[in-house]
Amino acid sequence: MKISSLHKSFTLSILILFLSGSALAQQATLTVNQDAKIATLLELKKSLEKDNKLSDGYTIQLYYGELTEANYVIKKYRGSYTNWPASIEYETPNYKVWVGNYGTRLDADRALVEIQRNFPSAFILKPERRK
């Protein structure tokens with residue numbers, strides 16, 4: 001008889017323990033205060049990556065030489081393609097026309113096939129990251 005009463009007491013105490021835990025559970029709300037400049041910085045970072053300024057990826061070079069010819073090549077490119085951004089990069093004493101910002105070699109190869117139709121001397125390169 002004592003065992004039955006001990007069993008009931010044990011069961012009752014376990015039941016009370018679980019019920020009191022859910023009855024005393026805490027409710028909370030979380031508020032995050034974020035500086036408004038964070039969104040601006042994220043947009044700036046996205047635009048720099050799009051313009052091939054932060055990438056460790058691949059790019060396609062269309063031209064290497066004098067500025068007047070580089071300007072001609074980039075205008076011709078922009079008249080034919082809008083898929084990938086183009087920029088003129090300066091490396092003493094010449095200018096380069098670079099196209100795209102590709103994360104993988106496969107993406108760069110796919111773009112190169114299309115670009116070489118109008119720019120047969122185009123080739124893929126992996127520029128060093130600027131410091």
Side-chain angles (χ1 to χ4, degrees):
M1 195 126 163
K2 265 193 168 214
I3 295 177
S4 173
S5 132
L6 185 62
H7 188 288
K8 286 181 184 178
S9 300
F10 179 72
T11 306
L12 184 59
S13 56
I14 295 292
L15 184 61
I16 290 172
L17 179 68
F18 283 118
L19 290 176
S20 66
S22 64
L24 298 175
Q26 296 177 358
Q27 300 292 326
T29 58
L30 177 64
T31 304
V32 177
N33 295 321
Q34 174 177 307
D35 191 337
K37 293 179 182 176
I38 291 175
T40 306
L41 288 172
L42 288 173
E43 288 300 318
L44 177 63
K45 182 178 184 289
K46 276 200 271 185
S47 71
L48 288 173
E49 286 174 344
K50 181 181 174 188
D51 294 337
N52 202 22
K53 303 292 184 195
L54 297 178
S55 174
D56 284 331
Y58 297 88
T59 190
I60 296 174
Q61 184 167 307
L62 302 181
Y63 175 76
Y64 182 84
E66 294 185 9
L67 179 59
T68 53
E69 185 67 21
N71 283 324
Y72 171 75
V73 169
I74 201 166
K75 284 179 186 174
K76 181 180 173 188
Y77 169 81
R78 287 179 176 159
S80 301
Y81 300 96
T82 58
N83 302 3
W84 309 286
S87 63
I88 295 178
E89 305 295 324
Y90 180 68
E91 184 178 290
T92 307
N94 294 304
Y95 294 85
K96 302 174 184 180
V97 177
W98 284 356
V99 171
N101 179 13
Y102 309 97
T104 66
R105 177 66 189 227
L106 182 60
D107 291 338
D109 284 333
R110 288 178 180 152
L112 181 65
V113 168
E114 187 174 331
I115 290 171
Q116 279 186 329
R117 292 180 191 147
N118 293 322
F119 300 92
S121 62
F123 63 93
I124 296 173
L125 62 98
K126 186 172 178 106
E128 291 183 19
R129 185 171 189 178
R130 297 181 188 129
K131 295 180 181 177

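At least one side-chain heavy atom of Phe119 sits under 4.5 Å from a side-chain heavy atom of Lys76. Side-chain atoms of Leu125 and Thr59, non-hydrogen and from C-beta on, do get closer than 4.5 Å to each other.
Annotation for Glu66: atom CD does not count as buried by contact number, only 12 or fewer foreign heavy atoms lying within 6.0 Å. The 12-atom threshold is exceeded at CZ of Phe123, counting heavy atoms of other residues, nucleotides or ligands nearer than 6.0 Å.
In the model, Thr104 has a side-chain atom that pairs as donor or acceptor with a side-chain atom of Asp107 under 3.5 Å. Counted by atom type alone, Gln61 and Trp98 present one or more donor-acceptor pairs between their side chains at under 3.5 Å.
The shortest non-hydrogen separation linking Tyr81 to Glu114 is OH-O, 3.0 Å. Considering every non-hydrogen atom in both Val97 and Ala70, the closest pair reads CG2-O, 3.5 Å. Shortest non-hydrogen contact noted between Trp84 and Ala111 is CZ2-CB, 3.6 Å.
Separating the OH atom in Tyr63 from the NZ atom in Lys96 is a distance of 13.0 Å, to the nearest 0.5 Å. To the nearest 0.5 Å, the span separating CD1 on Ile60 from CG on Asn101 amounts to 11.0 Å. Rounding to the nearest 0.5 angstrom, the gap separating the OH atom in Tyr64 from the CD atom in Glu91 is 5.0 Å. In this structure, NZ in Lys45 is found 15.0 Å from OG1 in Thr40, a value given to the nearest 0.5 Å. With values rounded to the nearest 0.5 angstrom, Ile38 atom CD1 is found 4.0 Å from Gln34 atom CD. In this structure, CG in Asn71 is found 4.5 Å from CG in Leu67, a value given to the nearest 0.5 Å.
Under the 4.5 Å side-chain heavy-atom criterion for ILVMFWY residues, no single connected hydrophobic cluster contains both Leu106 and Tyr102.
Each of Leu112, Val73, Ile115 was evaluated against Val99; a single residue qualifies, Ile115, per the side chain to side chain contact (heavy atoms under 4.5 Å, CB included) test.
For Lys126 and Tyr58, the positive end sits near the middle of the six-membered ring, less than 6.0 Å away and at most 45° from its axis.
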